[in-house]
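All remarks here apply to the structure that follows.
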Amino acid sequence: MATELNFLISSLKGYLVELRETGVDGLPYGYGVERVAPPPVVAEELPRLETNDISGSATGSETVAQIRLELGGCQRCQLGGTRTNLVFGAGNEKSEIVFVGEAPGRDEDLKGEPFVGEAGQLLTKIIQAMGLAREDVYICNVLKCRPPNNRNPQPEEIEACQPILLRQLQAISPKIIIALGTFAAQTLLRTRAPISQLRGRIHDYHGIPLMPTFHPAFLLRNPGKKREVWEDMKQVLKLLGREPAGS
Ligand code: URA
């Protein structure tokens with residue numbers, strides 16, 4: 001009975017994550033009570049983060065190591081009290097490509113490294129298919145600490161972490177950012193538009209081109225969507241003047 005219940009709960013959780021990944025961010029609250037998601041807003045209608053919105057220096061002259069040092073044992077939000085390790089980011093700090101995911105999961109929290117679980121293994125394969133190695137790119141997340149039980153990030157956690165990410169991205173100054181999944185794409189582009197509408201074309205993040213695409217965890221549940229991610233990665237490679245592996 002307990003096993004069946006666990007199976008049911010985990011299936012339901014997977015289904016809800018999938019809905020969120022395709023842009024559904026609200027469900028009706030009981031019978032006869034209509035609770036609709038706020039209308040989608042296009043990125044251009046939302047206020048942009050100006051450089052002076054962020055804490056600390058954001059001149060582009062600071063290094064990733066300096067930002068990490070300043071972050072220390074961050075307690076800017078409640079996740080500082082529940083994480084095992086802060087997951088700042090990993091890879092080549094001079095890379096032309098930065099992948100940005102949502103937040104560390106259990107494996108990442110334990111290791112202190114982004115994308116080391118099952119979704120991370122798929123991300124590694126995507127990077128390799130692009131003719132690159134993990135060490136060639138930089139990988140990080142919108143949130144640097146794991147939300148307990150992988151719950152949705154809270155607005156105050158996003159607000160506390162966003163300035164750090166912006167500084168990190170300005171320090172790396174890549175030629176392109178790849179936003180993995182709904183959460184990363186919507187947060188970076190300050191939009192409510194679903195990932196299915198955002199992906200497939202290049203957007204702008206503070207002057208840096210940004211390609212939104214499906215999250216590898218979503219691809220694990222929907223392998224049929226890998227083709228679309230590959231189309232997105234081909235556009236990225238074209239922008240960089242690079243060829244996919246084996247071509
Ligand atoms: N999913 C993410 O969004 N980030 C990670 O680091 C791992 C899984």
Side-chain angles (χ1 to χ4, degrees), residues 10 13-23 25 64 67-68 71 74 77 79-80 82-93 95 97-128 132-155 157-158 160-162 164-166 168-169 172 174 177-189 194-196 198-199 205 210-223 225-226 229 232-233:
S10 88
K13 206 172 157 198
Y15 176 63
L16 291 173
V17 170
E18 238 167 76
L19 283 181
R20 181 155 64 102
E21 196 62 36
T22 46
D25 56 6
V64 172
I67 301 165
R68 177 65 193 95
L71 201 53
C74 183
C77 79
L79 298 181
T82 53
R83 68 164 182 248
T84 312
N85 286 297
L86 188 150
V87 183
F88 185 65
N92 178 358
E93 293 166 15
S95 181
I97 308 177
V98 176
F99 287 88
V100 181
E102 176 173 328
R106 190 176 58 93
D107 296 324
E108 292 77 20
D109 175 63
L110 291 174
K111 265 202 153 175
E113 249 188 75
F115 283 97
V116 290
E118 212 186 335
Q121 284 163 27
L122 181 52
L123 178 61
T124 304
K125 284 190 190 154
I126 294 170
I127 294 168
Q128 287 167 347
L132 297 158
R134 248 180 103 103
E135 301 71 44
D136 295 326
V137 303
Y138 192 84
I139 306 172
C140 60
N141 285 300
V142 172
L143 289 194
K144 307 294 180 220
C145 299
R146 182 195 185 202
N149 301 315
N150 298 348
R151 65 151 168 73
N152 286 349
Q154 303 294 298
E157 296 159 3
I158 301 165
C161 233
Q162 272 232 78
I164 308 296
L165 176 64
L166 176 54
Q168 200 174 9
L169 292 170
I172 298 167
I177 297 166
I178 299 167
L180 298 168
T182 304
F183 177 81
Q186 289 187 343
T187 308
L188 293 176
L189 295 173
I195 188 72
S196 48
L198 295 170
R199 61 150 295 275
Y205 177 79
L210 183 148
M211 172 63 92
T213 198
F214 292 123
H215 194 286
F218 176 70
L219 294 182
L220 288 171
R221 297 186 300 274
N222 299 274
K225 294 283 179 187
K226 285 182 188 170
V229 170
D232 298 342
M233 295 309 102

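Throughout, numbering of the chain's residues begins at 1 and tracks the sequence. Scope of the values below: all heavy atoms of this structure, side chains included, with no hydrogens, waters or symmetry mates. Numbering of ligands and ligand atoms starts at 1, following listing order.
The shortest N/O to N/O separation between Gly101 and ligand 1 does not fall below 3.5 Å. Considering backbone and side-chain atoms alike, His215 places an N or O below 3.5 Å from some N or O of ligand 1.
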- [ ] Tell me, with the steps shown, if Leu79 and Gln154 meet side-chain contact (heavy atoms from CB on, under 4.5 Å).
- [x] CA-CA 10 Å; Leu79 298 181; Gln154 303 294 298; over 6 Å; no
TODO: List the steps, then state whether salt bridge (Lys or Arg N to Asp or Glu O under 4.0 Å) holds for Arg199 with Asp232.
DONE: CA-CA 7 Å; Arg199 61 150 295 275; Asp232 298 342; 2.9 Å; yes
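Nearest-heavy-atom check against atom 2 (C) of ligand 1 across Ala90, Ala103, Gly120 picks out Ala103. For atom 6 (O) of ligand 1, the candidate residues are Val142, Leu123, Asn141, Leu143; the nearest heavy-atom contact is made by Asn141.
Here the CG atom belonging to Asn149 is positioned 11.0 Å from the CZ atom belonging to Arg106, to the nearest 0.5 angstrom.
For residues 138-147, the side chain to side chain donor-acceptor pair (under 3.5 Å) pairs, not counting sequence neighbours, are Tyr138-Gln168, Lys144-Gln168, Arg146-Asn150.
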Tabulate below the donor-acceptor pairs under 3.5 Å that side-chain atoms of residues 110-127 make, not counting sequence neighbours, or state none.
| from | atom 1 | to | atom 2 | distance (Å) |
| --- | --- | --- | --- | --- |
| Thr124 | OG1 | Gly120 | O | 2.9 |
| Thr124 | OG1 | Arg134 | NH1 | 3.1 |

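At the top of the distance list for atom 8 (C) of ligand 1, counting protein heavy atoms only, stands Phe115 CE2, 3.8 Å.
With a 4.0 Å cut-off on non-hydrogen atoms, Glu102 touches ligand 1 through its backbone as well as its side chain.
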